[in-house]
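Order of the sequence lines sets the chain letters (A, B, ...), proteins ahead of strands, with each chain counted from 1.
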2 protein chains.
Amino acid sequence: MTLAEENYLKAIYHLEQQFKKGVSTNALAEEMNTKASSATDMVKKLAEKKMVTHVPYQGATLSKAGRDYAVKVIRRHRLWEVFLVEKLNFSWDEVHEVAEHLEHINSDKLVNELDAFLEFPIYDPHGDPIPDKDGNFKTVEKIILAKAEIGFTYKCIGVDDTSSEFLKYLDSNSIGLGTIIKILHKEPFDNSIKLEIEDSEIVVSQSVAKNLYLKKV
Amino acid sequence: MTLAEENYLKAIYHLEQQFKKGVSTNALAEEMNTKASSATDMVKKLAEKKMVTHVPYQGATLSKAGRDYAVKVIRRHRLWEVFLVEKLNFSWDEVHEVAEHLEHINSDKLVNELDAFLEFPIYDPHGDPIPDKDGNFKTVEKIILAKAEIGFTYKCIGVDDTSSEFLKYLDSNSIGLGTIIKILHKEPFDNSIKLEIEDSEIVVSQSVAKNLYLKKV
DNA sequence: ATTATAATTTAGGCAAATCTAAAAATATGT
DNA sequence: ACATATTTTTAGATTTGCCTAAATTATAAT
Ligand SMILES: [Mn+2]
Ligand SMILES: [Mn+2]
Ligand SMILES: [Mn+2]
Ligand SMILES: [Mn+2]
C-alpha cells in the first residue's frame, strides 16, 4: 500500500460514516483536495487491489480488507497524536499534520510498542477512540452540539473538525475535552447557540455547533 | 526535498567521508541500490537545486546547503534510533530500518522536542554522534579493529556496518558498545584476529575487523 | 600513442499520482 | 417525458524516480 492509497482508504472510511451508501467520487475528491478524475483513478486502483468495491457512477465501498487496513492506519494516527501531546508537549491543534505523516510508517513492532509505552490509551487528543491491536474499539455515544436540547447540561467529548483554526478557537473560549456546557438558547435566525461554560455565557456560531461532540451528563 | 532526494544527500554525505574526492556515480548507485543512470539523474537534479556541485564524469560534492541538509536528516535518524532503543524496547539491530522512514518526517518542533524528551543524547545506539539543533557534533576519535595493535586493550565504541546480521553476530559474541577488548594475535594468512573479551578468547574474521570501531583505553 | 576496458551520461520508456478538457452517464425540474 | 444540470468517467499530459540499451568520455594496458 502506497502513501496515497493509505490516505484514500482513510478518507473513504471517514466518508462512509456520513453517507451510509457508497462514497461518491466528488465527496472523495473534496476530502482529498484533488480533482474528481484523480479520485476515479485511485478508486479503480483500490478496486483492483480488492480494497474497495466500485460500481461505476455509484460510488465506492470499503471491502473487509479495506476497512481493516483503514482502521490500522487510523490506529497509528491516533496513537502518534497521543504521543505528541503526552510526551512531546504538542497541543491538540498541532498534532494532526505531523501524525498525518507518522501514520504511514509500517512496523507492527513500532506501533504496538508505542501503544504499550503510552499505556494503551483509549482516546486520542480529540476524543476519538483508538483501535486496539486487533482493530477493535468502542464507538463513542455522542451528539452534535447543534442537536443538543435547551436547558440540559452536557460534557464536551470530541471534535469533528481537527483543524488548527477550530481547535485554537475552542482554546480561546475555554472549551476542551471534558468541559461542561449548558445549553441556554438556540437562535433560529442563524442557528447560533448560547452556552454557559463555568459561569460565563458565550454564543457560538452554527459552524462551531456542527463540529463539537457532546454527551449528556 | 523529496524522500528520494534526502536519501541521496545522506548517501553522498557518507561516501564523502571515505572517498575524499567527489563521490563517483557508481559508488552512489551502489549505496542507493540503483543503477548508475538513476544516480546521474538524481545528481543532476540535486545540482539544479544547488545541493551538490557536479562536474560531469568527475563525481558529485555536497554544497554547504547540501551538507547542512544531510546532517539534519542524520540528526533525525539517530535521534529516532535512540528513541526506539530507550523507549520502545528495540534492540540495536532493529532500529535502522524504521529510522530510515522516521528520518523523513520534517517538523522542527517534532525533532527538537524528541531531542529534549530523550535528554539530548550525544550518541546513537551504534556509537555514532548525534548532531545538535545547529548541526554541530564532535567527531569521534576511533580506529578500526583491523588496525589495532597486538597486546593493547581497547574499548568498543562503534560499528560501521549497521545491518541486522552483523549486529546480531556481535550480540552472540558478547560484543557491544563499551565492551573491553584485548588484541591477542593477528593471523597474517586470513587477517583474522584473536581477541580476549571478559576472560574468554574468540577469533573474528577480517570482515568483522573492518566494521568494528575501537578506542585505546 | 593507440587500443581496450571501465565509468558515466544520454536517449527513450514505464508506473504512480496528479492535472485539464472532453465525453458519457445520471439526476433534476417542469 | 424530455431538456438541462450535475456527476462521473475517459483521454491525453505532466512530474518524479526508476529502468535498459546505446553512446560518450575517461582510464589503463600494451
Ligand atoms: Mn496521511
Ligand atoms: Mn485525532
Ligand atoms: Mn531514509
Ligand atoms: Mn545508527
Hydrogens and angles aside, do B:H14 and B:E31 bring a side-chain donor and acceptor to less than 3.5 Å of each other?
no
Option from B:D115, B:D134, B:D132 for which side chain to side chain donor-acceptor pair (under 3.5 Å) with B:R75 holds
B:D115
Angle class for the B:F83/A:W80 ring planes (parallel below 30°, perpendicular above 60°, tilted otherwise)?
tilted
Name the residue closer to the 5' end of DNA chain C, choosing between B:Q58 and A:Q58 according to the nucleotide with the nearest heavy atom.
B:Q58
Are side-chain N/O atoms of B:N26 and B:S24 paired as donor and acceptor at under 3.5 Å?
no
Would you say D:dT6 has OP1 or OP2 under 4.0 Å from some side-chain N or O of A:N26?
no
Using a cut-off of strictly less than 4.0 Å, decide whether B:H54 has a side-chain nitrogen or oxygen near OP1 or OP2 of C:dT8.
no
Hey, is CD on A:E97 packed in by over 12 heavy atoms from elsewhere, all under 6.0 Å?
no
How close or far is atom P of C:dA16 from atom NZ of A:K44, stated in whole angstroms?
14 Å
Should we count CD of B:Q17 as having more than 12 external heavy atoms under 6.0 Å?
yes
In numerical order, the residues of residues 2-24 of chain A whose heavy atoms come under 4.0 Å of DNA chain D are A:S24
Salt bridge check, B:D68 against B:K72: does any charged N sit closer than 4.0 Å to a carboxylate O?
no
Positions of residues 28-41 of chain B (non-hydrogen atom under 4.0 Å from DNA chain D), listed by number
B:T34, B:K35, B:S37, B:S38, B:D41
Here the distance between atom P of C:dT8 and atom OH of B:Y57, to the nearest Å, is 10 Å
Rounded to whole Å, CD of B:E48 lies from C1' of D:dT16 at a distance of 13 Å
Test the A:K87-A:F117 pair against the cation-pi criterion, namely NZ or CZ under 6.0 angstrom from the six-membered ring centroid and within 45° of the ring axis.
yes
